[in-house]
Amino acid sequence: MKIAIWNVNSIKARLEHAQNWLAATQPDVLMLQELKGLEFPLDVFKAAGYEVVYKGQKAYNGVATLSRTPIALITDQLAGDDADEQSRYLETDINGMRLINIYLPNGNPVGTEKYSYKLAWMDRLYQRMKVLRDQDIPAIVGGDFNIIPEARDCYDPVGWSDDALFRLESRQKFRALLNLGYTDAFRVFNQQDAQYSFWDYTAGCWPANKGLRIDHFLTAPRYTDRLVDCVIDKGPRGLEKASDHTPVILTIGA
DNA sequence: ATGGCTTTATGCTAAAGA
């Protein structure tokens, strides 16, 4: 079973890329982040053979989960803050698998309410992932975590040391998720430096491979045991009018 | 190098992203 994640930075702007990539890659599930709109082009993806559950938002955020088999929506709200109106969370059940699509807040600039929102959001995610673990509901959490886990996941770790994506406080909260028993699936298969999923649009970052690894899959032990592969597909980032993120693909066996 | 691009919006400059 192939499960993919991709921050498309506007589904409207990336519609053609997404269609072409789906047709070429044929994942069973695709979890999209940063739709950047209230509407979602359902018809296009239904015609391609995918069921869609999504939660949009005007201008910002937005997540969608596409599947070739039926999707049941568990919740589109991350527990812990009823006043949170940002569309960043989609928890679904697909064939008995709990799949959670997240767009974790960026958090910059540090020291603002954006940063405290990020940290609080990570605490809420921790609580949810703990509840699922304690209730023996194995989950796969995938998406744009906006977290650089380690120095080898960043082209300039010193320069990024006080950024909300890499500062110690953020990384500690990411490690706390792992220490619940979840695994950063990519690192099961690849120990190399400079394996990035995002490259800034500004001049030279993509050709110079100045990137970040911030799009992740965290797997509960039951799924970690079944991991077959986890790869970054750099292809889409090299296209004209690309998203600044590229897809990551998880393969899981029976 | 001080975001050097890219996207969206009760839009034509500002805000957000990472």
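These numbers come from a predicted model, not from an experiment. Chain letters run A, B, ... following the sequence lines, proteins first and then strands; every chain starts at 1.
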* To do: Using a 4.0 Å heavy-atom cut-off across all strands, classify A:Ala203 as base, sugar-phosphate, or nothing.
  => base
* **Integer-rounded Å distance: B:dC5 C1' and A:His245 NE2** => 13 Å
* Check the pair A:Gln57 / A:Leu35 against side-chain contact (heavy atoms from CB on, under 4.5 Å), numbers first and verdict last. => CA-CA 8 Å; A:Gln57 182 183 326; A:Leu35 306 175; over 6 Å; no
* Asked: To the nearest angstrom, how far is A:Phe40 atom CZ from B:dT8 atom C1'?
  -> 17 Å
* Check whether any side-chain N or O of A:Lys36 sits under 4.0 Å from OP1 or OP2 of B:dA9, and answer yes or no. => no
* Asked: If we take the P atom in both B:dA16 and B:dC12, what is their distance in whole Å?
  -> 16 Å
* Can you find a side chain N or O atom of A:Arg14 that sits less than 4.0 Å from OP1 or OP2 on B:dT7? -> yes
* Structure fact -> Here the distance between atom C1' of B:dA16 and atom CG of A:Asn7, to the nearest Å, is 13 Å
* Residue-phosphate contact under 4.0 Å: A:Ser10 side-chain N/O, B:dT8 OP1/OP2 -> yes
* To do: Determine the contact category for A:Phe166: base if any of its heavy atoms lies under 4.0 Å from a base atom, sugar-phosphate if only primed atoms, P, OP1 or OP2 are that close, otherwise nothing.
  => nothing
* A:Lys114 side chain N/O closer than 4.0 Å to the phosphate oxygens (OP1, OP2) of B:dA16? -> yes
* Rounded to the nearest Å, what distance is computed from the CG atom of residue A:Leu212 to the P atom of nucleotide B:dG17? -> 15 Å
* To do: Measure the distance from CD1 on A:Ile11 to C1' on B:dT8 and round it to the nearest whole Å.
  => 15 Å
* To do: Quickly, which of A:Tyr54, A:Tyr50, A:Phe40 forms a ring pair (Phe, Tyr, Trp, His ring centres under 6.0 Å) with A:Phe45? Name it, please.
  => A:Phe40
* To do: Just call it for A:Asn61: base, sugar-phosphate, or nothing, with non-hydrogen atoms closer than 4.0 Å on any strand.
  => nothing
* **Length of the CH2-P vector between A:Trp199 and B:dC5, whole Å** => 19 Å
